[in-house]
Number of protein chains: 2
Amino acid sequence: MPEKLTAKGRATRRRIVEGASAVLRERGVATATLDDVMARTRSSKSQLFHYFPGGKDELLLAVARFEADQVLEDQQPYLGSLDSWEAWERWRDVVVERYEAQGDECPLGALFLQVGRSTPGARAIVVEMLNRWQESLAAGIRALRAAGELPPDIDVDTRAAALLAAIQGGVSILLSTGRSTHLRAALDQGIADLRSTGRAPA
Amino acid sequence: MPEKLTAKGRATRRRIVEGASAVLRERGVATATLDDVMARTRSSKSQLFHYFPGGKDELLLAVARFEADQVLEDQQPYLGSLDSWEAWERWRDVVVERYEAQGDECPLGALFLQVGRSTPGARAIVVEMLNRWQESLAAGIRALRAAGELPPDIDVDTRAAALLAAIQGGVSILLSTGRSTHLRAALDQGIADLRSTGRAPA
DNA sequence: CCAGCAATGGACCGACCGGTCCAGTCTAGG
DNA sequence: CCTAGACTGGACCGGTCGGTCCATTGCTGG
């Protein structure tokens with residue numbers, strides 16, 4: 001990486017990351033090559049290695065960071081204000097819609113498996129994203145509790161963790177089967193169980 | 001594939017599949033090579049292509065089949081007789097233990113991403129495994145219902161689907177983070193919600 | 001016992017692809 | 001301006017690895 005990036009440099013780097021992200025979606029992480037990225041982003045080998053001296057791995061890592069942010073951004077503004085049952089329902093719809101649209105390609109999951117445990121950074125990115133995600137869910141549950149919709153002694157963290165797991169599972173099944181049934185079931189059941197806790201405390 | 005396999009042939013084929021499975025766990029799907037498999041199984045290139053004329057893809061597919069069966073077998077006999085709350089608890093322990101032991105390598109998931117949508121068979125294997133798994137869960141819920149532990153009008157399929165998603169999500173988070181917190185939370189919360197349905201029908 | 005096919009060994013190939021290198025162009029700052 | 005360093009183009013390299021081929025051995029059924 002050069003000492004300093006000019007405006008032009010930043011633009012190119014960005015173009016490469018976004019283009020690479022698209023390529024990975026289309027061709028799949030396993031089969032995408034640097035040449036594919038070059039073609040897509042109208043750049044040369046030397047540019048790739050200019051901005052990502054660590055080579056392919058570093059590029060994939062940058063894409064992973066980009067994708068992780070995307071995942072959370074796509075859920076806004078709903079994920080940020082889960083303070084009523086209606087808000088939860090709207091958020092659920094957005095999540096289902098997002099992943100149905102994405103279809104059967106999970107750039108982030110595949111990316112992680114590719115870059116894998118080899119690099120320390122890959123795992124950190126995913127972990128941080130999951131943490132942020134779960135914290136948003138926890139905040140939503142706390143908001144409901146504050147509104148008197150949930151009992152004061154509800155175990156917020158376990159609930160949030162279970163909900164996050166349910167979503168992840170629904171998504172991974174969607175990726176495997178192409179069907180969003182399980183994602184829907186997981187979200188509906190998760191929210192329903194939360195509601196019934198409000199009516200009949202555990 | 002030859003017209004007919006002799007006893008020796010079957011043994012060799014089996015040795016290759018099991019060895020390949022081990023290699024994939026150790027080296028990771030992305031980096032494992034046919035030479036690794038050869039070394040591990042004390043076989044030659046020609047043997048690999050003799051038993052798997054389709055090459056690497058066909059071998060990976062065979063391994064995937066093998067792994068899928070393994071996943072369900074490892075949960076027996078518990079998964080097969082979920083007819084009391086104690087049985088569910090025991091099963092939960094087995095699942096957590098199995099995946100904690102497996103650590104952060106998911107041969108099946110990685111396999112699917114590698115062979116991917118390219119081959120029609122890969123998806124079918126995963127789908128079939130998920131179906132069998134979910135059906136076992138559904139049978140367990142029905143058993144509880146029959147025993148009067150759950151209300152007669154409970155939505156068995158949605159419950160089973162949500163539970164399966166929760167497990168899958170817990171596992172995939174375990175793979176990403178190395179921590180089994182979410183898998184535990186998902187299973188505990190899932191079973192707890194089922195129980196509370198028994199006490200306070202939805 | 002002897003065809004015929006399964007089973008095995010291993011040399012060899014060739015494409016693919018990540019990575020290197022250098023030569024040339026643009027640009028910001030003094 | 002002019003020069004240092006960012007930026008770009010693209011030829012080239014070399015290892016890796018899936019896949020092919022043929023020669024040899026072993027088994028099996030008629």
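Chain A is the first sequence line, chain B the second, and so forth, proteins listed ahead of strands; every chain is numbered from 1.
- Remark: the A:His182 side chain and the B:Gln168 side chain contain no N/O donor-acceptor pair separated by less than 3.5 Å.
- Remark: the B:Glu67 side chain and the B:Ser21 side chain contain an N/O donor-acceptor pair separated by less than 3.5 Å.
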All N/O pairs under 3.5 Å across the protein-nucleotides 15-20 of chain C interface:
from   : atom 1 : to      : atom 2 : distance (Å)
C:dG18 : OP1    : A:Lys56 : NZ     : 2.9
C:dG18 : OP2    : A:Leu34 : N      : 3.0
C:dG18 : N7     : A:Lys45 : NZ     : 3.3
C:dG19 : OP2    : A:Lys56 : N      : 2.9
C:dG19 : N7     : A:Lys45 : NZ     : 3.2
C:dG19 : O6     : A:Lys45 : NZ     : 2.8

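- In this structure, A:Leu5 atom CG and C:dC26 atom C1' are separated by 15 Å, rounded to whole Å.
- In this structure, B:Leu48 atom CG and D:dG19 atom P are separated by 10 Å, rounded to whole Å.
- Remark: A:Glu97 pairs with no residue by the salt bridge (Lys or Arg N to Asp or Glu O under 4.0 Å) rule, at least two apart or across chains.
- OP1 or OP2 of C:dT8 lies within a sub-4.0 Å distance of a side-chain N or O belonging to B:Gln47.
- No donor-acceptor contact under 3.5 angstrom links the side chains of A:Arg27 and A:Thr33, judged on distance only.
- Ion pairing of A:Glu128 with A:Arg123 is absent here, as no side-chain N (NZ or NE/NH1/NH2) approaches a carboxylate O to less than 4.0 Å.
- Under the 30°/60° scheme for interplanar angles, the aromatic rings of B:Trp91 and B:Trp88 are found to stand perpendicular.
- Nucleic acid contact class of A:Tyr51 (heavy atoms, under 4.0 Å, all strands): sugar-phosphate only.
- Across all non-hydrogen atoms, the minimal contact from A:Arg13 to A:Ala62 is NH2-CB, 4.2 Å.
- The interatomic distance linking A:Met38 (CE) with D:dA11 (P) rounds to 10 Å, in whole Å.
- Annotation: A:Arg132, atom CZ; neighbour count of heavy atoms from other residues, nucleotides and ligands within 6.0 Å is above 12.
- Of the residues in residues 6-20 of chain A, those placing a heavy atom less than 4.0 Å from an atom of DNA chain D are A:Thr6, A:Lys8, A:Gly9, A:Thr12, in numerical order.
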